[in-house]
Amino acid sequence: MKLVTRAQLGWPASAAPSQSTARGVKVHYEGTPVSTKLLTDHNACITEWKNIRKSHLANKTEGYSDVAYNYAACPHGYLLEGRGLRKRTGANGNQALNQTHYAIVGLVGSSGLTEPPAPMLSAIRDGIDLLRDNGAGNEIKGHRDGYATACPGGPLYAWVKKGAPRPNGDDEPSTKPPAGTPKYETYPGASFFLNGSRPALGKKSPIFTAMGKRLVAVGCGRYTDGPGPKLGQADVNSYEAWQRKCGYTGAAAKWPPGKTTWDKLQVPK
Ligand SMILES: [Zn+2]
Ligand SMILES: [Zn+2]
C-alpha cells in the first residue's frame with residue numbers, strides 16, 4: 001500500500017466526527033471534468049486532492065469540517081488520506097448514509113479522465129481493506145446506491161458491482177521472497193511468539209521490521225508508519241490480514257502468528 005498521510009499533505013488532524021464502525025465502504029468519483037494530466041504527473045494528483053479539500057472547506061451549504069472523503073485514490077496507485085480511519089464521511093448524501101458507509105473517491109470524473117487506471121483500482125482496494133481492518137464491514141457500494149446521483153460514474157460503478165476486485169489477478173501477490181533475499185530460515189527470534197505467547201505492543205526487535213517488510217511484499221501491509229522495530233497495532237493488523245489471506249478466519253486469524261503462516265511468510269534471517 002502506498003499511503004500518503006495527512007501529515008505528508010501538510011494537513012492538521014481531521015476535525016470530522018468520530019465513527020468507529022460502519023457497514024462498509026462507498027466508492028465515489030469527482031463528478032466534474034478531471035484533467036488527463038493526472039495520468040502523467042503525480043504532483044497534479046496531490047494538487048487535485050488539496051483543491052478538493054479546499055473546495056469542501058469553502059462549501060458553506062454543507063458546512064464541512066474537512067474534506068468529505070475518508071480517502072482518495074490516484075492513477076499512480078497512491079492512497080491519499082482524507083478524514084482517515086474511524087471518521088464519519090460527509091460524502092454519501094445525507095447523515096444516515098454517512099453513518100452506514102465510509103467513503104473513498106477515485107480521482108476520475110465525468111469527462112477528461114473517466115477510466116480508472118489499474119493502479120487506482122488497487123489503491124481503492126487498499127483503502128477498502130484498510131477500512132475493513134479498522135471498523136468497516138464487508139459491504140462495497142457506490143454513492144448512487146441509495147442516493148440519486150451518477151456517482152461514481154459508469155466505469156467505477158461497474159467495477160464496484162463486480163465486488164471491487166484487484167486488477168490483473170493482483171489479488172494474490174506472489175508469496176515468494178524477492179530475488180536477492182537471503183536464503184530462508186525460520187527467524188531465530190521467532191520462537192517467542194510461535195509458541196503462542198503474545199509479545200506486548202511496544203516490544204522492540206529487528207524481527208518486527210523483517211516481518212513487516214515481508215507482510216508488505218505479500219500485499220498485507222497495513223502500515224501508515226513503520227514497519228518495526230517496535231511491535232505496533234499495524235504489525236498485528238498486517239499479520240492478521242496475512243493469516244486471513246492464508247485462509248484462516250475468526251480467532252484462528254488473530255495474532256500471534258501461527259507456525260504455518262509464519263513459515264509460509266518466509267521472513268529472512
Ligand atoms: Zn459521490
Ligand atoms: Zn498520482
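Ligands are counted one by one from 1 in listed order, and the atoms in each one are counted from 1 as well. Worth knowing before you read on, the calculation uses all heavy atoms, side chains too, and leaves out hydrogens, waters and symmetry mates. Values in this document were obtained by computation on a predicted structure and should not be read as measured data.
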Do [X] and [Y] pair up side chain to side chain, a donor and an acceptor below 3.5 Å, judged on atom types alone?
| X | Y | value |
| --- | --- | --- |
| Thr89 | Asn98 | no |
| Gln243 | Thr261 | yes |
| His101 | Glu139 | yes |
| Tyr223 | Asp235 | yes |
| His28 | Asn92 | yes |

Check your understanding: What protein atoms of element N, O or S are positioned under 2.8 Å from the Zn ion (ligand 2)?
Key ->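 Checking every protein N, O and S atom gives His42 ND1, Cys45 SG, Cys74 SG, His76 ND1.
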
Point to revise | Salt bridge present between Arg166 and Asp129 (N-O < 4.0 angstrom) | key: yes

Review point. Quick one: do Lys26 and Asp145 make a salt bridge, cutoff under 4.0 Å?
Key: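 No salt bridge links Lys26 with Asp145.
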
Review point. Should the pair Trp255 and Tyr239 be assigned to parallel (<30°), tilted (30 to 60°) or perpendicular (>60°) ring geometry?
Key: perpendicular

Check your understanding: In the protein, how many N/O/S atoms are under 2.8 Å from the Zn ion (ligand 1)?
Key ->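 Considering protein N, O and S only, the Zn ion (ligand 1) has 3 within range.
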
Review point. Is the Lys NZ or Arg CZ of Arg144 less than 6.0 Å from the centre of Tyr157's six-membered ring, within 45° of the axis?
Key: yes

